[in-house]
Every structure is written in C-alpha cells, then in structure tokens.
Amino acid sequence: MSHGGHGHTHDGTEGPGHTHGPPQQQMMPPPPQMDPLIQAALDEQFQAVPLSVQGDARDQAVCAKHSLEVCTDCGLNFAELNVFTKLIAQSNEIAIPPPPNVVHPNRSQAVQKTKEEGNTAYKQKNWLQAINFYNMSANIAASRNPWEPSALVRDEMAIVICNRSAAFAAAEDYVSALVDADVVIQLKRPWSKGHFRKAKALVGLQRYEEARDAVMLGLQFEPDSAEMLAFKKEIEDQIEAQAAAARSPKSASAPTLA
C-alpha cells in the first residue's frame, strides 16, 4: 500500500523481520510431578465410592446398589453434589478455561481476514470502508480470551491500528490518525512504524517541529530506515521553508487610487 512517494508498503507486514503468519500454538510444559510421599499418603487414604450416574443429562449421582440419591443402607448422600452439578450445567456464564497460552485459531483467521479486506479497500482509496474493516479487525483482536497470549493481542492490535491511522490520514482526518498512532506507540514502542504514522499525522496538522521529533524517536529504533530518513528530510525542508518565509519582508501594499 503506497503512501506518498516513499514506497511504504501497507499490507499488514510492516517492519523489518516482522512476520504475521498464523500464530504458532505454544508447546505446553509437562505437568509437575507429585511428591512420592504425598502420593503414597493419598493412595493409602483413598476409598472408592460405589456410585452410578443417571438422568437424561447424566448429571445425577446415585448409590450404585440401590439407585438412591440418599442411601441410608450404604451411608451415601449425593444430594449436595447433584445440586452443585446442576448449577454448573445450567449456568452459561461459568467458563472453564483451557490450558494457558492456547490460541483460538478461528479468531486469528478472522483478525487476518478483516485486516486484509481493509488493506484491499485502502488500495482502492475507499478510506471509509478501510476504516470500518480495521475497526472490525481490532474489535476481534481485542475480544480474545484472557488466557490467550497478551503479546499476540498487542501485535495484532498494533498492526491493525497502525493501518487504520494511515487510512484516517488518507481521509485527512489527521486528529484521529494521530490518536491511533499514539495507541500504536503505547502498544509497541520499539516499532518504528508507529512513530512514522505519528509524524505523518502531525505533518497533516502542520505541526512540523513535533513531526520531526516523532521521526527522530523512530530512527532510534530503526536508524537505517530509508523511509524514515527520507521523510525526515521532507519535514526539515518544510521547516526551513517556513522559517525563510517568516524572515522575508512583507511587500508593501499598493496605495489606493482615488
């Protein structure tokens, strides 16, 4: 996706060495081993309970011998256990999370798909549609479950919001572009693209000194970026032109003829 004359690629793969393929599911560490002494004590105290499970939903424990929830002959009482089981089964709000760091593949695909649709709309110069797709992609990324890797969420959000900042700037909504750029920097400060987007928005607002500062900060993280260096030169030329215009004497107005 091109911006100006800098050959900037806006395809969701910004940044050197930054890849955005399908996230890899992390290998789970092996479960901790039980202390042999504790395991021996548990085995010694363990007593099997003769029960069977009944009901259409297989959610009622009863005495295996007499099929009773409360069996005085066997000394068994499953009433409290069955109430607790039914409460869990009837509640849609009780979610049992999977092991930590498990990535939801469908959500990853949805984030990528809507982002790419936004990129396509951007290339077609349909700024509003691009912004809407980026909104959708950001919302999907932000809705990840709490147990999913936070680094993945930050990466997804940073890329999508960075692209949205470019779309806002193209639509000449420079304030929104600046807000998005600041969000990108908060999410991923060492990524020079966020600082580049901030500089672009500030130039649109004609705040050239601040734009130069933003570029200089970005160059600290990527000092050899040709894109950033070229844009820095453009900003400095603009600052010099403004200064020269301020130094030049204003031409006297012609006298009014009678």
Side-chain angles (χ1 to χ4, degrees), residues 1-3 6-26 101 103-123 127 129-171 173-204 210-211 213-225 227-228 231:
M1 193 173 208
S2 295
H3 302 285
H6 309 301
H8 170 56
T9 300
H10 184 85
D11 58 359
T13 57
E14 299 91 343
H18 193 93
T19 59
H20 303 290
Q24 300 295 320
Q25 181 169 331
Q26 300 182 10
N101 295 328
V103 174
H104 196 298
N106 292 339
R107 187 171 284 109
S108 297
Q109 293 171 8
V111 171
Q112 182 71 14
K113 181 176 184 296
T114 49
K115 184 194 72 176
E116 292 299 334
E117 288 173 339
N119 292 349
T120 299
Y122 187 101
K123 293 172 183 176
W127 317 128
Q129 187 179 55
I131 290 167
N132 288 336
F133 277 123
Y134 294 142
N135 287 341
M136 293 170 58
S137 185
N139 289 336
I140 296 169
S143 69
R144 284 193 177 277
N145 295 312
W147 55 79
E148 296 187 70
S150 59
L152 172 63
V153 178
R154 286 196 301 270
D155 282 350
E156 289 178 337
M157 293 288 289
I159 294 167
V160 172
I161 295 175
C162 186
N163 289 2
R164 190 174 68 184
S165 176
F168 275 129
D173 184 354
Y174 299 115
V175 173
S176 296
L178 178 59
V179 170
D180 272 0
D182 279 330
V183 171
V184 174
I185 293 171
Q186 291 177 17
L187 289 169
K188 203 170 181 181
R189 184 176 177 81
W191 192 33
S192 65
K193 198 63 66 177
H195 303 282
F196 178 81
R197 286 282 153 235
K198 182 172 183 177
K200 281 283 191 179
L202 288 167
V203 166
E210 294 175 70
D213 292 342
V215 169
M216 293 296 292
L217 183 55
L219 284 169
Q220 292 183 16
F221 301 108
E222 193 180 348
D224 298 328
S225 170
E227 181 181 51
M228 297 278 281
F231 192 43

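For the numbers below, each heavy atom of this structure counts, side chains included, while hydrogens, waters and symmetry mates do not. FYI, the numbering just counts along the sequence from 1.
With sequence neighbours excluded, the residues that form a side-chain contact (heavy atoms from CB on, under 4.5 Å) with V153 are R144, M157.
For the pair I131/F168, a side-chain contact is recorded, criterion being any heavy-atom separation below 4.5 Å from C-beta on. Taking the side chain as every heavy atom from C-beta outward, E117 and T120 never approach each other to under 4.5 Å.
With rounding to the nearest 0.5 Å, the separation of OG in S165 from CG in L178 is 8.0 Å. Taking CE of M228 as the start and CE of M216 as the end, the distance is 10.0 Å to the nearest 0.5 Å. Distance CG/N163 to CZ/F133: 14.0 Å, rounded to 0.5 Å. Distance CH2/W191 to CG/D155: 8.5 Å, rounded to 0.5 Å. Distance check, rounded to the nearest 0.5 Å: CG of L187 to CD1 of I159 gives 11.0 Å.
Under a 3.5 Å cut-off, the side chain of S143 and the backbone N or O of I140 do form a donor-acceptor pair. Not one N or O on the side chain of S225 forms a donor-acceptor pair closer than 3.5 Å with the backbone of E222. Distance alone, capped at 3.5 Å, is enough to place a donor-acceptor pair between the S137 side chain and the V111 backbone. Counting only distance, with no hydrogens or angles, the side chain of H195 and the backbone of P190 share no donor-acceptor pair below 3.5 Å.
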Step-by-step side-chain contact (heavy atoms from CB on, under 4.5 Å) determination, K200 to F231: CA-CA 9 Å; K200 281 283 191 179; F231 192 43; 3.7 Å; yes
Worked verdict on R197 versus V184 for side-chain contact (heavy atoms from CB on, under 4.5 Å): CA-CA 9 Å; R197 286 282 153 235; V184 174; over 6 Å; no
Residue pair S108, E156: steps toward the side-chain contact (heavy atoms from CB on, under 4.5 Å) verdict: CA-CA 9 Å; S108 297; E156 289 178 337; 4.3 Å; yes
side-chain contact (heavy atoms from CB on, under 4.5 Å) evaluation trace for Y134 with I161: CA-CA 7 Å; Y134 294 142; I161 295 175; over 6 Å; no
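Across every non-hydrogen atom of A130 and G118, the tightest pair is CB-O, 3.4 Å. Contact record, A138 with V160: N-CG1, 3.8 Å, taken as the closest heavy-atom pair. Nearest heavy atom pair, residue A167 against residue W127, reads O-CB, 4.1 Å.
Judged as a salt bridge (Lys or Arg N to Asp or Glu O under 4.0 Å), the pairs with a partner in residues 175-185 (not counting sequence neighbours) are, in order, R164-D180, D182-K198.
Salt bridge annotation for K193-E227: present, with a cationic side-chain nitrogen under 4.0 angstrom from a carboxylate oxygen.
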